[in-house]
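One structure below.
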Number of protein chains: 2
Amino acid sequence: MARTKEFNEDKVLDKAVEIFWHKGYNGTSAQDLVTHLGLSRSSLYDTFGDKQKLFVTALKRYQKQGQDAVIKLLEESEDVKEAFTQIFKQAVLESLEDRITKGCFMVNSSVELAMHDEEIAKIVSDNRQTMEDVFLKAVKKGQEAGQISTKLDALTLARFVFNNYSGIRVLARAGEKNKQVYDDILKAMFILF
Amino acid sequence: MARTKEFNEDKVLDKAVEIFWHKGYNGTSAQDLVTHLGLSRSSLYDTFGDKQKLFVTALKRYQKQGQDAVIKLLEESEDVKEAFTQIFKQAVLESLEDRITKGCFMVNSSVELAMHDEEIAKIVSDNRQTMEDVFLKAVKKGQEAGQISTKLDALTLARFVFNNYSGIRVLARAGEKNKQVYDDILKAMFILF
DNA sequence: AAAAATACGGAACAATCGTTCCCGAATTAA
DNA sequence: TTAATTCGGGAACGATTGTTCCGTATTTTT
């Protein structure tokens, strides 16, 4: 008995991810959202609550999509080391191509908001733990298959890899476009594989 | 023939560094500045221009102090590898002690502002280049002295080290307090020395 | 002692912030 | 067709934003 929505909720959320990712929480105004999401103020608030709730929804959406992609790549791959290489080369490619250098939405939010907002802090913390678990599992698998060196224990290597991933994303956000810089980092990192 | 300032400009700038470092640019209001810097609105604007200018001044101040400290440590040290160890252990210590987890002002600003503000982008970019140069020089020295492995060329290692430094600062900003996480990262990283 | 110059506190500014509300339009169920 | 419901556009809200300006206090120079 009601009028149908004129917008697709999923598509609007995708756009919300894009704009918050690009401009951050404080850098994005309600007007920005109305303009770029393509719906009215009232619909925005009726559908997604307030700005804070929309941001959290967007960040969780980004997190899930990113995690799923990584998990899929690592679990389906025959050669774990090769899968890691692919993940990092992809990150570098995005950094170099990305005309508006968005970096990583999770890293950005972590730096901007984690210390001022408990809910964001929990999302960031959970994300790190999940990624650590995913990497750990993959590294173990790779070590058992003889694809990854056992010089370092799996957890140490997993944490180390995640740290370099964060670093690369910061570089990207800062607009670094020199491929050699990224390649050097990866070259060094992969020696420990 | 004029009245004397009731505040010490250097001390006020130190406080400005603290507050911008802690809350970021967008997160710090003019009222925050007036309240915490301990001077009036008019004095603030008369002395430092506007918010943007004060922020840039604060960030440059932080940059200079940080760079000087690192340069001094690396140049004065007999054992470069030991100096690097000290720099990173200090960063970890700060991350663990830091009750309000400020991370690194340069990394924070890079993520929050670099892509939206050319002047900040240049500061961040210059900082990276300078740090790369400093690290490079130190690594070369260490390699020549037989303190650092020559398995990797100096520039590659310098970039790799800087990347891990960024990563650790993001971890700190996110409030990570598990020492083992940092230690694992350092353990892996230093293998390449 | 008078004049010049600057610092200071605080009121006030316009602009923008996130948010709410109202109302006509549109859609569906009865 | 009517009633119920939800849509979307836009006006409007109070609060806060960064910034300016004015009057007074204070200090230094002549």
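What's counted below: heavy atoms across the whole structure, side chains too, no hydrogens, waters or symmetry copies. Order of the sequence lines fixes the chain letters, A, B, ..., with proteins taken first and strands second; residue numbering starts at 1 for each chain. Not measured: the values here are computed from a predicted model.
- Straight-line distance from the CD atom of Q52(A) to the P atom of dG18(C): 12 Å, rounded to whole Å.
- The side chain of R41(B) lies closest to dG18(D) when the candidates are dC21(C), dG18(D), dG9(C).
- Contact between the side-chain N/O atoms of S43(B) and the OP1/OP2 oxygens of dC8(C) is found at a separation under 4.0 Å.
- K51(B) NZ: more than 12 foreign heavy atoms inside a 6.0 Å radius.
- To the nearest angstrom, P of dG18(D) lies 16 Å from NZ of K53(B).
- Taking atom CG of N26(B) as the reference point, atom P of dG18(C) lies 11 Å away to the nearest angstrom.
- Within 4.0 Å (heavy atoms only), T28(A) reaches sugar-phosphate atoms of the nucleic acid but no base atom.
- Ring-centre distance between F135(B) and F160(B): not below the 6.0 Å cut-off.
- One atom, CZ of F48(B), and another, P of dT19(D), lie 14 Å apart when rounded to the nearest Å.
- Here the C1' atom of nucleotide dC21(C) and the OH atom of Y45(A) are 13 Å apart, to the nearest Å.
- Toward the 5′ end of DNA chain C lies the nearest nucleotide of S40(B), the other residue of the pair S40(B) and A30(A) mapping further downstream.
- Between the side chains of D153(A) and Q143(A), no donor N or O sits under 3.5 Å from an acceptor N or O.
- Rounded to an integer number of Å, the gap from D46(A) CG to dC23(C) P is 16 Å.
- Between A138(B) and L74(B) the shortest heavy-atom distance is CB-CD1, 3.8 Å.
- Counting non-hydrogen atoms under 4.0 angstrom, D50(A) reaches the backbone sugars and phosphates but no base.
- Closest to the side chain of S29(B), from the set dT19(D), dT17(D), dA11(D), is dT17(D).
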